[in-house]
Amino acid sequence: MMDAIRQRFREYPRADVSLQFVVSRGANIYASPIVLVWALLRILWLHAWQGIDLIHINLSANASTYRKIAVAAVASLLRIPYIVHLHSGEFGRFWESCNRLTRRHIDALFARADAVIVLGQVWSDLVVAKLPELSGRTVIMPNSTKARRRTFHPDGPVKILFLGRLCEAKGIGNLLESFEMIRHRNDWQAILAGDGAVAETRMLIERLGLSQRVKVPGWLDDVSVAAELQAADILVLPSWVENLPMCVVEAFAHGLAVVCTPVGALPEIVEQERTGLLVPVNDAPALASALERLLSSPALRTSLGLRARALHASRFEINAYVDRLVGVWRGASRPRSGRADARSAMTTGAGRSLG
């Protein structure tokens with residue numbers, strides 16, 4: 001999401017916003033503390049040099065939370081307003097699992113925020129249930145992307161695409177089971193793209209005898225992801241846990257038929273039989289049945305994709321998202337000189353590889 005926002009500001013700079021991105025996470029556990037300290041020092045320097053009207057804190061679970069508690073503490077010390085943008089699908093479980101002291105710090109992180117951005121009603125309900133005083137400061141803003149041109153593929157095998165971390169929580173095991181169940185069909189191919197257990201997934205596909213049908217290219221950059229989305233017919237995401245995954249929003253933009261599980265905020269945008277197909281979590285037979293339906297019905301694939309693309313145009317297009325986000329920034333900022341614009345905004349933890 002931050003990559004999309006960054007690109008939008010590069011293409012269409014705004015006179016009322018000066019936006020800086022600050023990385024707070026290192027490449028590994030050893031580098032992360034150094035990167036965090038450097039991020040905090042950069043905030044101090046930028047505030048002293050040009051002033052900061054608002055900090056936009058991107059928040060995930062686990063280590064991300066501890067880093068952002070530190071960022072929020074510095075913001076409070078400097079009396080800089082900040083907003084929290086919650087991304088993690090595991091945050092509710094993480095919040096509950098923390099000890100009393102950590103929960104107090106998390107509560108304070110949210111309570112002192114001038115606004116809390118969440119990706120769906122389910123996450124708004126979570127935050128407000130924990131901290132009722134945030135009911136008037138919680139803003140629902142589903143992830144958004146650019147509109148895309150759609151190329152339909154009437155000939156050749158149907159291309160199934162998975163984008164995400166190759167791990168149990170993303171339902172990779174269930175997906176491979178479902179592929180075994182539809183292996184009798186010769187009309188499909190699949191790409192499983194992402195980081196995580198890449199080598200292990202390749203070996204399992206080899207053992208299942210599916211290596212001619214299922215490819216695992218590993219992590220792809222933005223250009224390659226866009227190319228795979230353009231070439232695909234179906235986006236499949238059988239996750240056990242999610243917030244609101246960007247790949248589904250991107251699939252809507254490209255007019256793909258989507259098969260996913262009803263986790264996180266996904267049921268709020270994927271309407272069964274209209275903009276996609278929902279299957280139960282950890283249910284390989286149901287997943288195989290949904291995929292087989294789409295393989296057997298080009299008309300169903302097309303209708304789901306067209307409706308999803310229309311929904312994207314009305315609700316999930318990046319231009320309208322950025323306009324609304326700037327409105328949230330402007331409303332949350334309290335410029336020292338009394339200006340009505342958010343002249344200097346910052347995002348922390350921003351970037352594809354950051355949490």
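All values derive from a computational prediction rather than experimental measurement.
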Quiz item: Asp283 and Ala286: which non-hydrogen atoms are nearest, and at how many Å?
Solution: OD1-N, 3.1 Å

Quiz item: If we only count heavy atoms from C-beta on, is the Glu250 to Lys146 side-chain gap below 4.5 Å?
Solution: no

Quiz item: Below 4.5 Å, heavy atoms only, C-beta onward: do His184 and Glu292 meet side chain to side chain?
Solution: yes

Quiz item: What heavy-atom pair brings Trp123 and Gly89 nearest, and what distance separates the two atoms?
Solution: CH2-O, 3.3 Å

Quiz item: Just how far is it from atom CG of Leu229 to atom CG of Leu161, taken to the nearest 0.5 Å?
Solution: 5.5 Å

Quiz item: Judged by atom type as modelled, is there a donor-acceptor pair below 3.5 Å linking the side chain of Arg274 to the main-chain atoms of Arg307?
Solution: no

Quiz item: If every non-hydrogen atom of Glu90 is compared with every non-hydrogen atom of Val241, which pair is closest and at what distance?
Solution: CG-CG1, 3.5 Å

Quiz item: Between Ser289 and Pro285, is there a donor-acceptor pair closer than 3.5 Å when you use the side chain of the first and the backbone of the second?
Solution: no

Quiz prompt | Expected output: side-chain Ser178 to main-chain Ala288 donor-acceptor under 3.5 Å | solution = no

Quiz item: Side chains of Arg8 and Tyr321: does their closest heavy-atom pair fall under 4.5 Å?
Solution: no

Practice problem: Check the angle between the aromatic planes of Phe252 and Phe316 and answer parallel, tilted or perpendicular using the 30° and 60° thresholds. | Solution: tilted

Practice problem: Using modelled atom types only, decide if a donor and an acceptor are shared between the side chain of Trp188 and the backbone of Ile182 within a distance under 3.5 Å. | Solution: yes

Quiz item: When you check the side-chain N and O atoms of Thr65 and His105, is any donor under 3.5 Å from an acceptor?
Solution: no

Quiz item: For Ile83, does its backbone N or O pair with a side-chain atom of Arg137 as donor and acceptor, under 3.5 Å?
Solution: no

Exercise. Return the orientation label for the Trp95 and Phe91 ring planes: parallel under 30°, perpendicular over 60°, tilted otherwise.
Key: perpendicular

Quiz prompt | Under 3.5 Å donor-acceptor, Lys130 side chain and Asp107 backbone | solution = no

Practice problem: Please confirm whether the backbone N or O of Phe179 pairs with a side-chain atom of Arg213, one donor and one acceptor, at under 3.5 Å? | Solution: no

Quiz item: Any donor-acceptor pair under 3.5 Å linking the side chain of Tyr82 with the backbone of Leu109?
Solution: yes

Quiz item: In Å, rounded to the nearest 0.5 Å, how long is the span from CZ of Arg79 to CD1 of Ile52?
Solution: 16.0 Å

Practice problem: Would you check if Val322 and Tyr12 make a side-chain contact, meaning some heavy-atom pair closer than 4.5 Å? | Solution: no

Quiz item: Are Leu304 and Val258 side-chain neighbours, meaning at least one heavy-atom pair lies under 4.5 Å?
Solution: no

Self-check item: same_hphob_cluster(Trp45, Ile43) at 4.5 Å side-chain heavy-atom cutoff
Solution: yes

Exercise. May I ask you to test the Pro217-Ile191 pair for a side-chain heavy-atom distance under 4.5 Å?
Key: yes

Self-check item: Side-chain H-bond candidate by donor/acceptor type, Gln7 with Asp3, under 3.5 Å
Solution: no

Quiz item: Got Val281 and Val263 here, is their nearest side-chain heavy-atom distance under 4.5 Å?
Solution: yes

Practice problem: Locate the shortest heavy-atom distance separating Ala231 from Lys159; write the atom from each residue and the value. | Solution: O-CD, 3.2 Å

Quiz prompt | Lys/Arg-Asp/Glu bridge criterion (N-O < 4.0 Å) met for Arg293, Glu273 | solution = yes

Quiz item: Where do Leu294 and Arg301 come nearest, in terms of heavy atoms and distance?
Solution: O-NH1, 2.6 Å

Self-check item: Test item: side-chain donor near acceptor, Trp240 and Asn174, under 3.5 Å
Solution: yes

Self-check item: Exam field: side chain Asn143 to backbone Leu244, donor-acceptor pair closer than 3.5 Å
Solution: yes

Exercise. Please report the closest heavy-atom contact between Met1 and Ser144, naming both atoms and the distance.
Key: CE-O, 3.2 Å

Self-check item: Cluster check Leu46, Ile80: I/L/V/M/F/W/Y, side chain < 4.5 angstrom
Solution: yes

Self-check item: Ser333 side chain to Arg330 backbone, donor-acceptor under 3.5 Å
Solution: yes

